[in-house]
Amino acid sequence: AQTVTQSQPEMSVQEAETVTLSCTYDTSESDYYLFWYKQPPSRQMILVIRQEAYKQQNATENRFSVNFQKAAKSFSLKISDSQLGDAAMYFCAYSIAGNMLTFGGGTRLMVKP
Amino acid sequence: NAGVTQTPKFQVLKTGQSMTLQCAQDMNHNSMYWYRQDPGMGLRLIYYSASEGTTDKGEVPNGYNVSRLNKREFSLRLESAAPSQTSVYFCASSTSHTNTGELFFGEGSRLTVL
């Protein structure tokens with residue numbers, strides 16, 4: 001069974017600074033998908049960024065980027081120029097073909113003004 | 001832009017009572033899902049419906065039943081609620097179950113079983 005581990009239950013960052021959230025996963029598959037979802041205090045989850053395992057290039061979405069290390073099975077999320085609106089729970093998720101996502105336990109990010 | 005709508009948002013039940021969580025999406029998505037969220041455990045899939053007329057068990061289906069009423073609606077029923085079912089429940093939808101892409105989530109339903 002696939003597992004996704006987020007080792008940081010909580011992180012904090014100063015506004016405008018950069019923070020990295022960690023995620024590791026365990027799989028025997030060679031082709032899969034990785035995601036970071038954000039859950040703001042309003043509780044509706046939204047997709048932040050998506051990475052296909054067959055792509056070597058790290059995905060980037062504006063201030064959000066990932067560091068995908070396939071051999072190490074690591075998928076960290078970097079948030080640059082942190083903003084107050086980035087405060088949320090962040091979930092790393094894994095999936096092979098199809099939408100049966102396996103989620104990590106989440107990291108609560110606090111942004112200090 | 002309604003997206004995925006869940007009702008009710010909050011519910012308190014006594015052990016043994018039954019209830020149904022309703023979910024509707026207006027994005028013409030084929031696939032729908034029910035997850036539960038517990039502290040430190042992320043989201044776990046309860047049931048999913050890959051397409052209208054089909055339902056399948058996820059990781060934690062025991063104690064739940066689902067109905068895909070039509071393409072828009074996917075309900076989750078607790079026949080005899082237990083304290084272990086205290087959780088936040090999320091409905092989600094996607095264009096296709098086989099096309100790994102974005103899931104769209106509802107705002108969640110907080111259920112407490114006393």
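Only a predicted model underlies this, so the values are computations on that prediction, with no experimental measurement involved.
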Requested in this report: Measure the spacing between CG of Leu103(B) and CG of Leu47(A) and express it to the nearest 0.5 Å.
Outcome: 8.5 Å

Query raised in the report: Which distance, rounded to the nearest 0.5 Å, do you find between the CD of Glu59(B) and the CZ of Phe103(A)?
Result: 11.0 Å

In terms of heavy-atom contacts, does [atom1] of [X] have more than 12 from other residues, nucleotides or ligands at under 6.0 Å?
X	atom1	answer
Arg77(B)	CZ	yes
Lys70(A)	NZ	yes
Arg44(B)	CZ	yes
Asn70(B)	CG	yes

Query raised in the report: Using non-hydrogen atoms only, which part of Gln39(A) is less than 4.5 Å away from chain B: side chain, backbone, both, or neither?
Result: side chain

Query raised in the report: Do the side chains of Tyr48(B) and Leu78(B) join up, straight or via other hydrophobic residues, at under 4.5 Å, putting them in one cluster?
Result: no

Report task. Go through the atoms of Phe90(B) and report whether side chain, backbone, both or neither lie under 4.5 Å from a heavy atom of chain A. Result -> side chain

**Report entry** pair Leu101(A)-Tyr35(B): side-chain heavy atoms closer than 4.5 Å
**Finding:** yes

Report summary line: In short, Phe105(B) meets Gln44(A) closest at the heavy-atom pair O-NE2, 2.7 Å

